[in-house]
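The next block holds one structure in the form of structure tokens; read it before the comments.
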Amino acid sequence: MLLMLATGATALHLPTTTINGRQYYYFKSKEKITVYGLSKRLGLTRQEIVEHNPSAVDGIKRGSTLYFPVDEFADRNEPGYEELEADLKEMDANPQQVSTMPVRIPEPEKIDDAYGSSEKRTEFENDEIEASLREIPSPAVVPVDTTANRSSIVLLLPFMLQQETPTRQSRLYTDFYKGFLIAADTLCRRDNPSGRITTVTVVDTRGDNRRTLDLLSHDENIRRATVVIVAPDDSEDFSLIAGQAHANGSYLMNAFDFRDTLYTVNPVLLQTNIPQQTMYAKAVDALMSDFEGYTPVILRSEGGRNEKEGFIDYLRDRYAERNLDVKQITYQNALHRDALDSIADLTTGHHVFIPSSGSTAEFNKFAHVLKVLKESADTDNGDARSHIAVFGYPDWAAFRGDALDMLHALEATIYSRFYDDVTSFDSRNIDSDFRRWYGSSMIESVPNHGLLGYDLGYYLLRNLRANDGYFNPLTPYEGIQSVVRLKRARNSAGGYVNDALYIITYRPGGITSAKTI
């Protein structure tokens, strides 16, 4: 299947700057503003803003600077910089002016006319997948047979088929769908003794949450779904959508929003991403266990991004609970060797360095000095890999080129929700299938959305097949890039949340190893 998607193609009217040879749009806030206000005015999703500016997740402080790579955001047409500032102040001062319009609920029999040609239903049996799966979705809506040997999955995603030119975000959702279809094809070719059929319905929501809610409320085929996958971009709308899924008796999977906590109060929510606070706890557990006896040293760039201060504060608290010392080195512009002299036993003791930023720019400010220090310690003490260590962030999983080589040289350890060993047989096999099916490679991203679609597609389809058409949230799954290990939320009225985290270590020679905790 090959979907053609997207949006307009003119430049974002913000000033630009060059950092490490790459051009960025930048926005410097003169007042405290919300991510919601910025997203509405820039025409970006909240996920896009936070993905490139993680510190914005809790709001954008006065004087903060946000960066957007020109090569990824050169397809947005918005007002000038000064006009943007004025509008944002007005929107934040008068939030009622940007409230959503009342939901229009079409009559059930008019769903097809209202939503046109962006829906497709497909039955996956124990036969080879039909060639029609690789075509653009048909306008036909095929009624679902609700006999006992059938179950159903619904994908409600913003493919944005009405647009002319693909945006990166819509292309990522398309990659997710493509990966899902490859998973379906894989299972179709394997034995299915029960003869169970799973119907998969795919709808382009066009980025309209009201449309998603309408479908869940009035399309009888979608109302009977076993599992629904959505891509929430507004917490209030998502709450309404989740409430309707609960009323329908369908599980609702959130595979894209890392920050949402609605699973704590809604029993049908499946949050497949480990929450931030749980991730921090497990990451520090791994740090204290794997580097027991090491003195943690925080590297803080004066005037730098330092967007990981939340993690650093949590780390300090955890070490303080054990009465263990945490040191800090603050530097300007770049870390120099003489700045390390404040660490008295640097040449004899064990030290693990943790920066307060996960960005490539900040990494480049300290990596070379630590590499030289590590090489010196290994030579002087003859105890390789035991004295100087580096612990970092999921952002580093996206490093390529020289930055990736430096991770291996430093033998750095990171924590991450996702891990793709690109040298593994399974990963290479899926990549080959993807290129053969669709004529192009998967878009590079963290997570890789093609692999995410494959993993979750395989997980859901196999789960339904193994449980006679019912979904069992407590069945674990270890995929190519993701581990799904759902646990019931502590509140018995809540849903399910993934608690699996990768600890990844880069080793010399381009070797990478990972464990799940």
Side-chain angles (χ1 to χ4, degrees), residues 7-8 10-93 95 98 167-170 172 207 232-235 256-260 276 300-313 333 355-365 393-399 403 445-446:
T7 183
T10 49
L12 190 71
H13 294 298
L14 290 176
T16 61
T17 186
T18 301
I19 303 174
N20 290 335
R22 189 179 187 186
Q23 274 197 310
Y24 291 81
Y25 295 114
Y26 68 91
F27 170 78
K28 188 169 184 178
S29 62
K30 297 179 181 178
E31 301 288 340
K32 182 177 179 180
I33 58 177
T34 64
V35 179
Y36 176 79
L38 185 62
S39 71
K40 293 300 181 184
R41 202 64 190 87
L42 282 179
L44 308 177
T45 66
R46 295 200 299 180
Q47 182 177 339
E48 286 176 322
I49 293 173
V50 173
E51 178 183 351
H52 291 275
N53 303 275
S55 61
V57 67
D58 295 321
I60 303 164
K61 300 177 181 178
R62 180 180 179 180
S64 299
T65 303
L66 279 64
Y67 297 89
F68 304 95
V70 170
D71 56 354
E72 293 184 24
F73 291 89
D75 60 344
R76 311 301 171 93
N77 185 20
E78 294 297 333
Y81 184 70
E82 296 298 328
E83 180 184 352
L84 177 63
E85 285 279 2
D87 287 350
L88 285 171
K89 289 172 65 176
E90 181 180 353
M91 290 172 69
D92 281 330
V98 295
T167 62
R168 176 177 173 82
Q169 196 61 37
S170 61
L172 289 173
D233 62 357
D234 180 277
S235 58
F256 303 102
D257 187 347
F258 298 171
R259 305 286 181 175
D260 189 80
Q276 179 172 284
R300 192 177 193 283
S301 175
E302 189 69 33
R305 290 185 61 186
N306 299 308
E307 79 283 359
K308 302 298 184 182
E309 287 184 333
F311 177 79
I312 296 300
D313 289 343
N333 299 323
S356 58
S357 172
S359 71
T360 310
E362 295 299 333
F363 177 80
N364 290 334
K365 292 179 181 180
Y393 302 101
D395 315 57
W396 295 2
F399 283 4
S445 62
V446 179

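What's counted below: heavy atoms across the whole structure, side chains too, no hydrogens, waters or symmetry copies.
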State which residues pass side chain to side chain donor-acceptor pair (under 3.5 Å) with D260; sequence neighbours excluded, sorted by chain then number. none

Work out which heavy atom in F363 is nearest to a heavy atom in A403; give both atom names and the distance. CE2-O, 3.9 Å

List for me each residue that meets side chain to side chain contact (heavy atoms under 4.5 Å, CB included) alongside P232, sequence neighbours excluded, and say none if there are none. V230, F238, N254, D257

Please enumerate all residues that pass side chain to side chain donor-acceptor pair (under 3.5 Å) together with R305, with sequence neighbours excluded. none

For a ring pair (Phe, Tyr, Trp, His ring centres under 6.0 Å) check, start with the C-alpha distance between Y24 and H52, then their side-chain angles and the critical distance, and finish with the verdict. CA-CA 11 Å; Y24 291 81; H52 291 275; 8.4 Å; no

What are the two closest non-hydrogen atoms of Y26 and T65, and how far apart are they? CB-CG2, 4.0 Å

State which residues pass side chain to side chain donor-acceptor pair (under 3.5 Å) with S357; sequence neighbours excluded, sorted by chain then number. E307, S359

Non-neighbouring partners of D71 that pass side chain to side chain donor-acceptor pair (under 3.5 Å), sequence neighbours left out: R22

Verdict with supporting geometry, Y25 and L66, side chain to side chain contact (heavy atoms under 4.5 Å, CB included): CA-CA 8 Å; Y25 295 114; L66 279 64; over 6 Å; no

Hits for ring pair (Phe, Tyr, Trp, His ring centres under 6.0 Å) against Y67, two or more places apart or cross-chain, chain-then-number order -> none

Indicate the atoms forming the closest heavy-atom contact of T360 with F399, along with that distance. OG1-CE1, 3.2 Å

Grab the two heavy atoms, one from K365 and one from S301, that are nearest each other, plus how far apart they are. NZ-OG, 3.7 Å

Separation between CZ of F68 and CG of L14, rounded to the nearest 0.5 Å: 7.5 Å

Sequence neighbours excluded, the answer for salt bridge (Lys or Arg N to Asp or Glu O under 4.0 Å) partners of D395 is K308

Among all residues two or more places apart in sequence or in another chain, which pass the side chain to side chain contact (heavy atoms under 4.5 Å, CB included) test with S356? R300, N306, I312

